[in-house]
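The block underneath contains the structure these notes are about, expressed in structure tokens.
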Amino acid sequence: AAPDLRDLPAEDARLISRAADYDSLNDELAFFDHHLKDFPIGPTSQAEARVFVTGENRWREFAQWPPPNSEVQTMYRDVNNSALTPAPPSSGETVVTLDQSDPTPHGPPWVAGRPRPFDNAPLAESRADILVFQTATLADALPLLGPLRATIFASANRPSFDICVRVLDLYPDGRAIWLSDGVCRGESGEFQIELSGVGHVLRAGHRLRVEVAPAAFMRWDVNPGRVDEPWFCEEAVNIEVTIHAGGDTPSAIWFTAGGD
């Protein structure tokens, strides 16, 4: 069944709900017949990957994943103007605070920490602990087909802290729909964050948005800010996290674009 699609435009929600009715049983039987009974691969399982690509809302088959002729592209975070740019910006930094009494949520309450296509624009606009970066409006469609990775340079006033990254599709009407996310716990320095892979096309007129936060409450356990038995500490402490970008600390998002 399709996930809760309440935040999507009606036509997108209709097409995704319809795709969720796809019957994969034949593919599963063909897989077991081939690997357990040495049957030849049937016509329903020739492709290495069959993906419902959101944004263009259709099933696509690929000979390999990530698709052939795709390329890894990089967008750098500019903390001076909240932009995502193809060229490294000048150096800068921004401080956000993890308030243990009100930790940064993953999304609106109805999402309940689950990965689903929700609109996070209202939450991001209401919180000072979510940093938002976005590209200029896209003149052409941008296919995101494959892995996502973020490099974040950060420091904090505590020995242990988290960096949570979300990737979203910013629609022309202002809604920011969740596509992928990831988290990394560590010490001050360079964070390499593996996000869940995607099959999505950002349409012309949309923007790529990236959010960075010190927590994603209900998605992942909140870091208590201590390293002495962190899961059993009696008192969590607030954490001031500094996000660095540009210069010698080129925080960036890496994505796989294009492909046949």
Can T151 and Q192 be counted as having a side-chain donor-acceptor contact under 3.5 angstrom?
yes

Would you please test F133 and Y76 for ring pair (Phe, Tyr, Trp, His ring centres under 6.0 Å) and show each step?
CA-CA 9 Å; F133 305 89; Y76 294 91; over 10 Å; no

Any side-chain donor near an acceptor of the partner, D99 and S101, under 3.5 Å:
yes

Do other residues, nucleotides or ligands put more than 12 heavy atoms under 6.0 Å from F217 CZ?
no

Residues D129 and D102: closest non-hydrogen pair is OD2-O, 4.3 Å

May I ask you to decide whether R166 forms a salt bridge with D181, counting only side-chain N to carboxylate O separations under 4.0 Å?
no

Test log, rule side chain to side chain donor-acceptor pair (under 3.5 Å), inputs R207 and T137:
CA-CA 5 Å; R207 299 185 184 196; T137 301; 3.2 Å; yes

Under 6.0 Å from the six-membered ring centre of W110 and within 45° of its axis: does the NZ or CZ of R6 meet both?
yes

Determine, stepwise, if the pair S180 / S196 fulfils side chain to side chain donor-acceptor pair (under 3.5 Å).
CA-CA 6 Å; S180 177; S196 52; 2.8 Å; yes

Using a 4.5 Å cut-off on heavy atoms from C-beta on, say whether the side chain of P214 contacts that of F161.
no

Just so I know, are the side chains of I243 and I163 near enough to count as touching, which here means a heavy-atom distance under 4.5 Å?
yes

Would you say S160 and N223 are linked by a side-chain donor-acceptor pair, where the criterion is simply a distance under 3.5 Å?
yes

Could you check whether R203 pairs with D12 (Lys NZ or Arg NE/NH1/NH2 to Asp/Glu carboxylate O, under 4.0 Å)?
yes

